[in-house]
Amino acid sequence: GDEEQSQDYLFKIVLVGDAAVGKSNLLARYARNEFYPNSKSTIGVEFQTQKMDIDGKAVKAQIWDTAGQERFRAVTSAYYRGAVGALLVYDISRRQTFDSVGRWLNELQTHSDMNVVTILVGNKTDLKDAREVTTAEGKALAEAQGLFFMETSALDSSNVAAAFQTVVKEIYTIV
Ligand code: GDP
């Protein structure tokens, strides 16, 4: 009959970036439409599975959150294993988190066995008065490294779904 296939693809996506840039809240906003104003990187679950619709096909993204382990030691290689996509997040109000992007890219390349579709995400655009990294700087770095780029706010939701969807759609296109 014309029964739909319930699940066509499952993609592992990882969130990386310095502590407190908003990784857990981007996932909470995207998967549950929730936001935690005073989270201390402890709210992250290991992963969340999110159903998505890409060009009429059912796609599942298994999105992994570090749950704060980057505070204590390098993120383990198990975290990266099998990942086909990544959101590399910095905080537009803290330049040091932007300066760490190269290190996180190295981590991704060292630990993953395939080419990981990566979007550079400048989070916390709602903090307009505290901005330390311009949009142009983010865009330039992304272009130089061959990454997608988007600025988001987990607080006001802007571009959060779009950032996740950009990665999943690109993976879907190349598999
Ligand atoms: P993680 O360590 O990267 O997972 O960061 P968290 O998601 O735990 O967020 C760290 C802190 O930043 C928390 O106090 C969040 O409420 C706050 N935060 C996260 N995203 C945003 C955002 O888009 N805007 C603002 N203003 N604060 C945010």
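This one's a predicted model, so the numbers in the text were calculated from it and none came from an experiment. We're numbering straight along the sequence, starting at 1. In listed order, ligands and their atoms are each counted from 1.
At under 3.5 Å, a nitrogen or oxygen of Val21, whether backbone or side chain, sits near a nitrogen or oxygen of ligand 1. Some N or O of Ala20 is nearer than 3.5 Å to an N or O of ligand 1, by distance alone. For ligand 1, the polar-atom distance check against Asp126 finds a nitrogen or oxygen pair separated by under 3.5 Å. Of the N or O atoms in Ala154, one or more lie within a sub-3.5 Å distance of an N or O in ligand 1.
No side-chain heavy atom of Phe148 sits under 4.5 Å from any side-chain heavy atom of Val167. Contact annotation: the side chain of Tyr172 approaches that of Lys57 to within less than 4.5 Å [non-hydrogen atoms, C-beta and beyond]. You'll find the side chain of Glu151 reaches within 4.5 Å of the side chain of Ile92, heavy atoms only. Side-chain atoms of Leu108 and Thr118, non-hydrogen and from C-beta on, do get closer than 4.5 Å to each other. The shortest side-chain heavy-atom distance between Val116 and Val84 does not fall under the 4.5 Å cut-off. Annotation: side chain of Leu26 is in contact with side chain of Thr152 (closest heavy-atom distance under 4.5 Å).
By the criterion of a heavy-atom distance under 4.0 Å, both the backbone and the side chain of Ser153 are placed next to ligand 1. Of the heavy atoms in Thr66, none comes closer than 4.0 Å to ligand 1. Residue Asn123 touches ligand 1 through its side chain alone, judged by heavy-atom distances below 4.0 Å.
Open room surrounds CG on Asn115; 12 or fewer heavy atoms of other groups in view lie less than 6.0 Å from it.
Counting the atoms of ligand 1 from 1 in the order shown, those under 4.0 Å from a heavy atom of Leu127 are 26 (N). Taking every non-hydrogen atom of Lys23 and a distance limit under 4.0 Å, the qualifying atoms of ligand 1 come out as 1 (P), 2 (O), 3 (O), 4 (O), 5 (O), 7 (O). Within ligand 1, counting atoms from 1 as listed, the ones closer than 4.0 Å to a heavy atom of Tyr36 are 15 (C), 16 (O).
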